[in-house]
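Scroll down for the structure; my scribbles are underneath it.
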Amino acid sequence: MTVLSERFDRALIYARQRHNSPHRKSTQIPYLAHLMSTAALVLEVGGDEDQAIAGLLHDSLEDREHTNTTYEELVDLFGERVAGIVRDCSDAEPEEGAVKEPWRLRKEKYIASLEHHSPDSTLVSNADKLHNARSVLADYRIHGEDLWKRFNADSDQLWYYRSLAETYRRLGSPLAEELNRVVTELEELAGRP
């Protein structure tokens, strides 16, 4: 049984302070809800405290232009294991002032990198993507095809989530089947196999 200590409390406060964007993209949902949901999904399948903390912090390096978080800071505050999981969950850690690679290239590289991740990182990554896919599915039910307008014009969200689902299934992630179910439902609603 996983016991959460004051380290988890500190991580939750840290996540709230660093991710000061009030809402998720094109919604009224506080951004912190996504981070807490990711941590909850990790815990619900037996993840430990480090994995749950990484769930809270999984976007802190990828969004460093907003969070001002560094890998070294995560190591100092939460340890190597947590910092490593967070780094693995990032599809880009842009250097200060650098431009991110194009969306499709970043996503292809990220999917390929999953083959080399630890089970810890795979679990947290899968929890993140599952929560995102559930949110997309819920919003698709409300907005239909207009939903896709909130994403980058060059992004292909259905391709991305299908590729992730297949990869997590191959890797044996405990949340893979649930992601597959969500993606299948989204594909069916959107009329795209």
Side-chain angles (χ1 to χ4, degrees), residues 1-5 7-19 21 24 29-64 66-67 69-93 106-137 157 160-183:
M1 179 171 78
T2 300
V3 176
L4 300 177
S5 72
R7 284 180 69 237
F8 184 86
D9 299 344
R10 285 195 328 261
L12 182 58
I13 292 167
Y14 181 88
R16 183 187 55 76
Q17 291 171 339
R18 291 302 172 107
H19 290 277
S21 172
R24 292 196 81 190
I29 300 168
Y31 191 80
L32 188 62
H34 169 61
L35 304 176
M36 292 188 312
S37 294
T38 300
L41 286 166
V42 166
L43 290 168
E44 288 170 5
V45 294
D48 63 27
E49 184 177 47
D50 277 352
Q51 294 166 323
I53 289 171
L56 290 172
L57 305 177
H58 74 271
D59 279 337
S60 60
L61 292 177
E62 185 171 307
D63 295 340
R64 75 189 283 180
H66 303 295
T67 67
T69 301
T70 65
Y71 179 82
E72 293 75 20
E73 181 179 19
L74 292 178
V75 170
D76 288 345
L77 293 172
F78 302 106
E80 287 275 351
R81 184 173 177 225
V82 168
I85 296 169
V86 172
R87 176 176 273 169
D88 284 348
C89 288
S90 302
D91 75 8
E93 283 181 62
R106 276 196 335 269
K107 301 310 180 187
E108 288 173 347
K109 286 181 176 181
Y110 184 75
I111 292 165
S113 77
L114 290 171
E115 302 289 342
H116 309 289
H117 286 181
S118 69
D120 291 344
S121 297
T122 301
L123 173 60
V124 175
S125 174
N126 195 168
D128 167 34
K129 304 314 186 215
L130 173 57
H131 185 259
N132 285 340
R134 284 178 173 173
S135 297
V136 169
L137 176 59
Q157 297 297 312
Y160 183 50
Y161 285 114
R162 172 51 59 208
S163 298
L164 288 165
E166 291 171 2
T167 302
Y168 293 129
R169 287 175 88 184
R170 193 170 53 257
L171 296 173
S173 177
L175 293 168
E177 290 306 320
E178 179 60 19
L179 179 59
N180 185 61
R181 280 188 287 277
V182 171
V183 173

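We're numbering straight along the sequence, starting at 1.
A donor and an acceptor atom, one from each side chain of E49 and T2, are nowhere located under 3.5 Å apart. Y71 and E80 form a side-chain donor-acceptor contact under 3.5 Å, judged by distance and modelled atom types alone. For the residue pair Y31/D59, the side-chain donor-acceptor check at 3.5 Å is satisfied.
Here the closest heavy-atom approach between residue S121 and residue I85 is recorded as OG-CA, 3.5 Å. In terms of heavy atoms, V42 sits closest to A52 at CG1-N, 3.9 Å. Residue L74 comes nearest to L57 through the heavy atom pair CD2-CD1, 4.0 Å, listed as atom of the first residue, atom of the second, then distance. Residue A165 comes nearest to V183 through the heavy atom pair CB-CG2, 4.5 Å, listed as atom of the first residue, atom of the second, then distance. The two residues S90 and H58 come nearest to each other via the heavy atoms OG-O, 4.2 Å. Here the closest non-hydrogen pair linking V82 and F78 is CG2-O, 3.6 Å.
Contact check for Y168 versus L130: no side-chain heavy atoms found under the 4.5 Å cut-off. Contact of the I111 side chain with the Y160 side chain is registered, since non-hydrogen atoms from C-beta on lie closer than 4.5 Å.
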Check your understanding: Are R162 and N180 close enough, and set up right, to give a side-chain contact (heavy atoms from CB on, under 4.5 Å), and what steps lead you there?
Key -> CA-CA 7 Å; R162 172 51 59 208; N180 185 61; 2.5 Å; yes

Check your understanding: Please walk me through it: do L35 and H19 pass side-chain contact (heavy atoms from CB on, under 4.5 Å)?
Key -> CA-CA 9 Å; L35 304 176; H19 290 277; 3.5 Å; yes

**Study point:** side-chain contact (heavy atoms from CB on, under 4.5 Å) between D91 and K109, intermediate numbers included
**Key:** CA-CA 8 Å; D91 75 8; K109 286 181 176 181; over 6 Å; no

Practice item. Test side chain to side chain donor-acceptor pair (under 3.5 Å) on D88 and H116 and set out the steps. Key: CA-CA 9 Å; D88 284 348; H116 309 289; over 6 Å; no

**Study point:** Verdict with reasoning, S60 to V86, per side-chain contact (heavy atoms from CB on, under 4.5 Å)
**Key:** CA-CA 8 Å; S60 60; V86 172; 3.7 Å; yes

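Note that CG of L56 and CD1 of I13 are 11.0 Å apart. Values are rounded to the nearest 0.5 Å.
At distances below 3.5 Å, not a single donor-acceptor pair connects side-chain atoms of E178 with backbone N or O atoms of L175. Of the possible polar contacts, none joining the D63 side chain to the H66 backbone as a donor-acceptor pair under 3.5 Å is found. Side chain of T122 to main chain of S118: a donor-acceptor pair is present (N/O by atom type, distance under 3.5 Å, no hydrogens or angles). A donor-acceptor pair is defined here as one N or O able to donate and one able to accept, closer than 3.5 Å; no such pair exists between the side chain of R87 and the backbone of L61.
For H131 and H34, the gap between ring centers is short of 6.0 Å.
Ion pairing between a basic and an acidic side chain is recognised when a charged N comes within 4.0 Å of a carboxylate O; R18 and E73 show such pairing.
A cation-pi contact, defined as under 6.0 Å to the ring centre and within 45° of the axis, links K129 to Y110.
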